[in-house]
Protein chains: 2
Amino acid sequence: MFKTVEWKNNRVVMIDQRLLPNKEVYNTYIDYKQVAGAIKDMVVRGAPAIGVSAAMGVALGGLSIKTEKPAEFKKALEKVTKLLASTRPTAVNLFWGIERMKAVVAAHPNASVAELKKLLVEEARRIHQEDIDICRRIGRHGGALLKDKFHVLTHCNAGALATAGYGTALGVIRGAIERGRNIKVYADETRPFLQGARLTAWELMKDKIDVTLITDNMAGYMMQQGLINAVVVGADRIAANGDTANKIGTYSVAVLAKEHKIPFYVAAPLSTIDIKKKDGSLIPIEERGCEEVTHLRGVAVAPKGVKVRNPAFDVTPNRLVTAIITEKGVVRPPYRQNIKALFQD
Amino acid sequence: MFKTVEWKNNRVVMIDQRLLPNKEVYNTYIDYKQVAGAIKDMVVRGAPAIGVSAAMGVALGGLSIKTEKPAEFKKALEKVTKLLASTRPTAVNLFWGIERMKAVVAAHPNASVAELKKLLVEEARRIHQEDIDICRRIGRHGGALLKDKFHVLTHCNAGALATAGYGTALGVIRGAIERGRNIKVYADETRPFLQGARLTAWELMKDKIDVTLITDNMAGYMMQQGLINAVVVGADRIAANGDTANKIGTYSVAVLAKEHKIPFYVAAPLSTIDIKKKDGSLIPIEERGCEEVTHLRGVAVAPKGVKVRNPAFDVTPNRLVTAIITEKGVVRPPYRQNIKALFQD
């Protein structure tokens, strides 16, 4: 099986998701600036994977700082975290991963630079390992919700490629299959970046999970034909009230699910919940470049100079979310209260 | 301005819509089999344009028949109409155009072969000219529904390129603009064939109409943001109760429009209404090849061998249709009764 992101010999190795499924290429980064570039350019994407990658970026940045003085080290590390935090605005795991790394430094005020470097590497590797464990727990909780012979629609890629491994939404599907249930997946291709066509289809086929690719605008038709029993998606940021920012098009799928009385599940780790954001209107939505819409792998599919919108995410209001599947269990409405409780255990 | 399809020196000339917007190439067909191929391969598409092209195909087929005996001519013409009728199943205008041509022959039982050939060519040219007039009338009726400063979402291409000229849905937009109203258009790119990105954006930019391209899965977000005041789409076949078959994804847009209380208009000539079909469940839905989904202009965007669905159309139930805009005026619910009345004048 492939590894999405890995810490190896004090380097960060990532599968280049821009080249999938045509080529399986692994990039090795020796510099935190390269990691920041990889996040921005979507070599790696998916909220949990971004969180893990950012943490590894901080570790890499830490290793590169040439000083023996802890105060100088901490100051130089700020530059590292600042650059990494500027890469993408929506997925909160980016900031969460960076905060975890900062907290390690803060928790060891008397450590030497050598010790801090070691602690940062250990913390990045811990975040990586934890993410896999968390995904497996999400899969165990969520898998119980998918009945035998269910046809499950998913949007974008919230799979092994979006996490350190196993996946959130696809983790739920894997969890159901591990319970012996027969699951058929419909994958929205997810324009403009085609994460569904390129990534979800690829990783499910690698895992021999039954997957059928459709274009985004076929989801409504499939539901109308009675072919979809549940929707499971990931999340880039969940507000305190359960409003969920996820890949553009998720909101449309949620509206369609409601129209057809199909359960709509969000699968995400607690690190994706931004308890400081009261509701979804406060989540920043990244707008990306036009060429993602006007070009496909370098080929123009629209007239030169056409005006384009390219919001990368949308917010699904909590009223459309049947349940949020976390590593601590399945959360149902009322979300404000039940999400708060998750953090109080 | 370009011509979508034209009868010229006993040949059929079509703009090759597969090559737009990158290349503006006109194909000349001397054989009805080429016209059938052009319809099947989507050199020409859009229900009214398919109807016109099929009629011209019948005329071309008629001219090629080498006999002086009317009985033999009529028999040979059956082969022509049969092939043309087999090209695409959903757009009823195809069958309507062919029936109009057959009716001319039936109406002249004593005509010579030379006379029949002349009559067929005249009828094909008449259908072509009528279609432009009909679109302009649709535009006049529908234009009144779009208020000044409206932002209008359209799906697929129901423009000059989908008709003999002017368009149905885009005819409504042109009609509003001719009334002096400021209209901004959002065009869904319309995967898999990208009629919105390639054709709607192209023809509106040619006409200096304000158009912004979005991917299909952004429509819900745009509505949620309050950026859409009305939806106008074309149709491939409308059942007697107003259920409307149109390009895949239209149904999803209609559900989203209902959720946001945005009017959803269908613009189509009477020739698109199939009064013999009681409701939309009886409309055949064409399923096209996988490669339209897995490849884009020859470039693979999905793993080799992935399972794919590719329904080319879906059916929007009449309850989601605010009004149907025809050349005879704007039809509102109850549709069964009001559509029937259209044909009884």
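Every chain is numbered from 1 and lettered A, B, ... according to where its sequence line falls, protein lines coming before strand lines. What's counted below: heavy atoms across the whole structure, side chains too, no hydrogens, waters or symmetry copies.
Between chain B and the options A/Val308, A/Ile248, A/Asp314, A/Asp216, heavy-atom pairs under 4.5 Å are most frequent for A/Ile248. Put simply, of A/Gly196, A/Ala300, A/Gly298, A/Pro317, the one with the most heavy-atom pairs under 4.5 Å next to chain B is A/Ala300. In terms of heavy-atom pairs under 4.5 angstrom with chain B, the leader among A/Ile214, A/Val306, A/Thr190, A/Val315 is A/Val306. Of all the listed residues (B/Ala302, B/Ala219, B/Cys290, B/Pro192), the one sharing the greatest number of non-hydrogen pairs under 4.5 Å with chain A is B/Ala302. The candidate with the highest count of non-hydrogen atom pairs below 4.5 Å against chain A, out of B/Met223, B/Met218, B/Arg198, B/Gln225, is B/Met218.
Here the side chains of A/Lys307 and B/Val211 are not in contact, with every heavy-atom distance at 4.5 Å or above. In this structure the side chain of B/Leu161 reaches within 4.5 angstrom of the side chain of B/Leu20, judged on heavy atoms.
Heavy atoms of other residues, nucleotides or ligands lying less than 6.0 angstrom from NZ of B/Lys278 number 12 at most.
The interface of residues 250-259 of chain B with chain A, defined by heavy-atom distances below 4.5 Å, comprises B/Tyr251, B/Ser252, B/Val255, B/Leu256, B/Lys258, B/Glu259.
A donor-acceptor pair shorter than 3.5 Å cannot be found between the side chains of A/Asn246 and A/Thr244.
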Going through the distances and angles, do A/Ile238 and A/Ile324 end up as a side-chain contact (heavy atoms from CB on, under 4.5 Å)? CA-CA 9 Å; A/Ile238 300 172; A/Ile324 300 172; 4.0 Å; yes
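Proximity to chain A is limited to the side chain of B/Pro21, based on heavy atoms less than 4.5 angstrom apart. Neither the backbone nor the side chain of A/Lys206 comes within contact range of chain B; no heavy atoms are under 4.5 Å apart. Contact of A/Val293 with chain B is made through backbone and side chain together, with heavy-atom distances under 4.5 Å. Of the atoms belonging to A/Met222, it is side-chain heavy atoms, and not backbone ones, that fall under 4.5 Å from chain B. For chain A, no part of B/Asp188 is nearby; none of its heavy atoms comes within less than 4.5 Å. Of the two parts of A/Met205, only the side chain, counted from C-beta on, holds a non-hydrogen atom closer than 4.5 Å to a non-hydrogen atom of chain B.
Shown here are the salt bridge (charged side-chain N to carboxylate O under 4.0 Å, His left out) partners of A/Arg45, two or more places apart in sequence or in another chain: there are none.
A cation-pi contact links A/Lys247 to A/Phe313, judged by a cut-off of 6.0 Å to the six-membered ring centre and 45° from its axis.
The CG atom of B/Asn217 sits 5.0 Å away from the NE2 atom of A/His155 when rounded to the nearest 0.5 Å. To the nearest 0.5 Å, atom CG of residue B/Asp16 and atom OH of residue B/Tyr26 are 11.0 Å apart.
Remark: the backbone N or O of A/Gln17 is not paired with any side-chain donor or acceptor of A/Gln195 at under 3.5 angstrom. Of the possible donor and acceptor atoms, one in the side chain of A/Thr200 sits under 3.5 Å from a partner among the backbone N and O of A/Cys156.
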